[in-house]
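Quick note: numbers below take in every heavy atom, side chains included, and nothing from hydrogens, waters or symmetry partners.
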Amino acid sequence: MKYLMAVLFALAAGSATAQTIKIGLVTALSGQSARAGEAITRGLQVAIDEINAKGGLESGPMRGRRFELVRRDDEATPAKGVIAARELLYKEKVAVLFGGLDTPVSIAIVPIVNEAKVPFMGPWAAGTAITRNGASPNFVFRVSAVDEIVDKAMLQYSQKAFNAKSCGMILVNNPWGESNEKGLTAALSAKGMKPAGIEKFEGNDIDVVPQLTRLKSAGADCLFLVGNVGPSAQVVKSLDRMGWKPPVVSHWGPAGGRFTELAGPSAKDVHFIQTYSFFGKQSPVGEKVLKALMAKYPDVKSAGDVTPAVGVANAYDGMMLTAMAIQAAGSTEGPNIREGFYKVGRYEGLIKAYDKPFTPDNHDAVNENDYVWTQFIDNQILPVGMKK
C-alpha cells in the first residue's frame, strides 16, 4: 500500500511539473547594470504571480497551466549570453526566452532562437536589428524602445527643450552605438541636418575629454549620448573636467544602474528616455503593479524605489502579452506561440492599451507615442519638470 501511494504521489508530482510552463530570462544580474536585470526579473515575477494566483491560463487547451521563471546571468557579455540562452533553450526547455539587456548580447542570441524556433521577447535592448533581423520566420518580439524610433524622439526633444541647432553624437563603440549612429543620422537627414560630429568611446574608457573637445570645437550645441551606465557616467565626468555644460539628450542607458553614484552631481543634467514612470497619477494597472511590488519586495516602499521603472514595466507587459500568445496558440510549441502573438488583440497594459501589438510586419509593441523624458533627482528617476 505504501508503495502504491508513493507511485501515485510521484505520478501526481510529475503531472504538476508538466503543467508548469517555463519562461527563461537571460540578463545582466551582476555588474554595473545588475539593477536593470533585477527590475526585469521583478516585472516578470509580478506578472507570473498574478497569472498563477488566478489559477494559471484561463481558457482553451492551456487552461490551468501556470508559469515558472528560470534565470541566468549573462554578465553583459555576448559569449556568456549565448551559453546561457542555449542552456535555457535545450536543458531547461523554456517555452519563451526573455532577455537581452545589452544590444550586443541580444544580437548574439537572435540567430540561436530563430534556429531553435523558440520565441525571444526583448524587455530592454533597443537595437533596431534585434527584431528587424531579416529572418523568415522571425521568432524575435519586443516590448521596449527601438533605436530608430528613439533617435527621432531624441532629435525632436533636443529641438523642443533646448532649441538645439547642431548636436554632436557621443556613442559607445559597439553594435548599439552603431545602431543609433545610423538612426540619428537618418533622423537628422530627414530634416535636412547633419551632426556637428560623431565620436565613439569604449565601454571601459575612463576619460573621453579628447572626443568631447573635438565636438565642442565643431560647434556642437548639444550632445546625443548613447551608452550604458558606466560609460555614460564617464562622459558626464569628462564634461565636468572640461567645464563644458551642453544639454545632454540620452538614450536610456543611464537608467540601468548606479548612474548618480558614478557620474556625480551632474548626473541630474542628463535627460533620458523611458517607456514608463511610476510617478504621478497611475492607471488601475499601474496602481496594481506598484502595490504588488511593495508587497513582494521589502525595499520597495514607494514609486521612487522602482528603479529602473522601464525594466519592470516592459517585462510585466511583455509577460502578459506572452501569456496571451500562449493561450491563443493552445500550445507550448515555439512555432505555434509565434503565431499566437499575431492573435493577441486588445490588452490594457501598464505602458499603454495595446491593440493587435504584433503583426508579421511589426514585432515591436512600443512606438514613438509611448516615451517619457526623465532625469535623476536625488537618485530617483522622475519625469522632467516633476518635483519630488
Side-chain angles (χ1 to χ4, degrees), residues 25 27-47 71 73 76 98-102 122-126 143-145 150 225 227-233 236 248 250-283 285-319 350-351 366 370-388:
L25 171 61
T27 189
L29 298 172
S30 59
Q32 293 176 342
S33 296
R35 186 177 293 175
E38 177 62 20
I40 292 170
T41 299
R42 292 182 176 191
L44 282 172
Q45 194 61 61
V46 165
R71 301 190 305 170
D73 186 3
F98 276 70
L101 182 68
D102 300 88
W124 190 286
V143 177
S144 185
V150 170
L225 171 62
N228 279 332
V229 178
S232 292
V236 172
V248 180
S250 176
H251 209 308
W252 63 8
R258 301 176 291 120
F259 184 64
T260 53
E261 175 189 336
L262 296 170
S266 295
K268 67 181 185 304
D269 298 329
V270 178
H271 290 194
F272 54 96
I273 209 160
Q274 299 279 267
T275 53
Y276 194 76
S277 172
F278 282 97
F279 284 98
K281 183 172 175 55
Q282 296 292 299
S283 68
V285 179
E287 292 177 354
K288 176 179 64 178
V289 172
L290 184 56
K291 184 177 179 180
L293 289 164
M294 292 169 69
K296 188 174 183 68
Y297 302 103
D299 62 308
V300 180
K301 296 178 174 60
S302 68
D305 299 319
V306 186
T307 303
V310 294
V312 172
N314 295 351
Y316 178 87
D317 279 1
M319 182 63 221
L350 185 55
I351 295 172
V366 175
D370 306 320
Y371 297 142
V372 180
W373 283 97
T374 62
Q375 65 187 137
F376 274 103
I377 302 295
D378 295 336
N379 207 33
Q380 294 182 348
I381 298 172
L382 272 68
V384 170
M386 178 178 283
K387 303 297 182 183
K388 283 185 62 179

Assess the residue pair Asn228 and Asp102 against the criterion (side chain to side chain contact (heavy atoms under 4.5 Å, CB included)); give the C-alpha distance rounded to whole Å, side-chain angles, the decisive distance to 0.1 Å, and a yes or no. CA-CA 8 Å; Asn228 279 332; Asp102 300 88; 2.7 Å; yes

Working for side chain to side chain contact (heavy atoms under 4.5 Å, CB included), residues Trp373 and Gln274: CA-CA 6 Å; Trp373 283 97; Gln274 299 279 267; over 6 Å; no

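Contacts of Thr275 classified as side-chain hydrogen bond (donor to acceptor under 3.5 Å, both in side chains), with partners at least two apart in sequence or in another chain: Asn314. With sequence neighbours left out, the ring pair (Phe, Tyr, Trp, His ring centres under 6.0 Å) criterion links Phe278 to Tyr276.
With hydrogens and angles disregarded, a donor-acceptor distance shorter than 3.5 Å links the side chain of Ser283 to the backbone of Gly286. Asp317 places a side-chain N or O within 3.5 Å of a backbone atom of Ile351 that can act as its donor or acceptor partner. In this structure, the side chain of Ser266 does not engage the main chain of Ala263 through any donor-acceptor pair within 3.5 Å. Between the Gln375 side chain and the His271 main chain, no donor and acceptor come within less than 3.5 Å of each other. Although no hydrogens or angles enter the test, the distance criterion places no donor-acceptor pair under 3.5 Å between the side chain of Ser144 and the main chain of Gly122. Under a 3.5 Å cut-off, the side chain of Asp305 and the backbone N or O of Lys301 do form a donor-acceptor pair. No donor-acceptor distance shorter than 3.5 angstrom exists from the side chain of Ser250 to the backbone of Val270, with no hydrogens or angles considered.
Summarising the geometry of Ser277 relative to Gln282, their closest heavy-atom pair is O-NE2, 3.3 Å, with the distance given to 0.1 Å. The two residues Tyr316 and Ala47 come nearest to each other via the heavy atoms CD1-CB, 3.6 Å. In this structure, Leu101 and Ser33 approach most closely via the heavy-atom pair CD2-CB, 3.4 Å. Closest approach of Val150 to Ala145, counting heavy atoms only: CG2-CB, 3.6 Å. Listed here is the closest heavy atom pair of Ile381 and Ala255: CD1-CB, 3.8 Å.
For Arg71 and Thr41, the side-chain atoms include at least one donor-acceptor pair closer than 3.5 Å. Side chains of Thr260 and Asn379: a donor on one and an acceptor on the other come within 3.5 Å.
Taking 4.5 Å as the limit, every side-chain heavy atom of Val248 sits out of range of all side-chain heavy atoms of Val236. Ser232 has its side chain within reach of Phe259: a pair of non-hydrogen atoms, C-beta onward, lies under 4.5 Å apart. Two residues are said to be in side-chain contact when any heavy atoms from C-beta on lie closer than 4.5 Å; Phe98 and Ile40 fail this criterion. Put simply, the side chain of Thr307 reaches to within 4.5 Å of the side chain of Arg35, judged on heavy atoms. Contact annotation: the side chain of Thr27 never approaches that of Asp73 to less than 4.5 Å [non-hydrogen atoms, C-beta and beyond]. Looking at heavy atoms from C-beta onward, Pro308 lies out of side-chain contact with Phe272 at the 4.5 angstrom threshold. Between Trp252 and Val310 the shortest side-chain heavy-atom distance falls below 4.5 Å.
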For residues 290-299, which side-chain donor-acceptor pairs fall under 3.5 Å, sequence neighbours excluded?
residue, atom, partner, partner atom, Å
Lys296, NZ, Asp49, OD2, 3.1
Asp299, OD1, Arg42, NH1, 3.2
Asp299, OD1, Arg42, NH2, 3.1
Asp299, OD2, Arg42, NH1, 3.2
Asp299, OD2, Arg42, NH2, 3.4

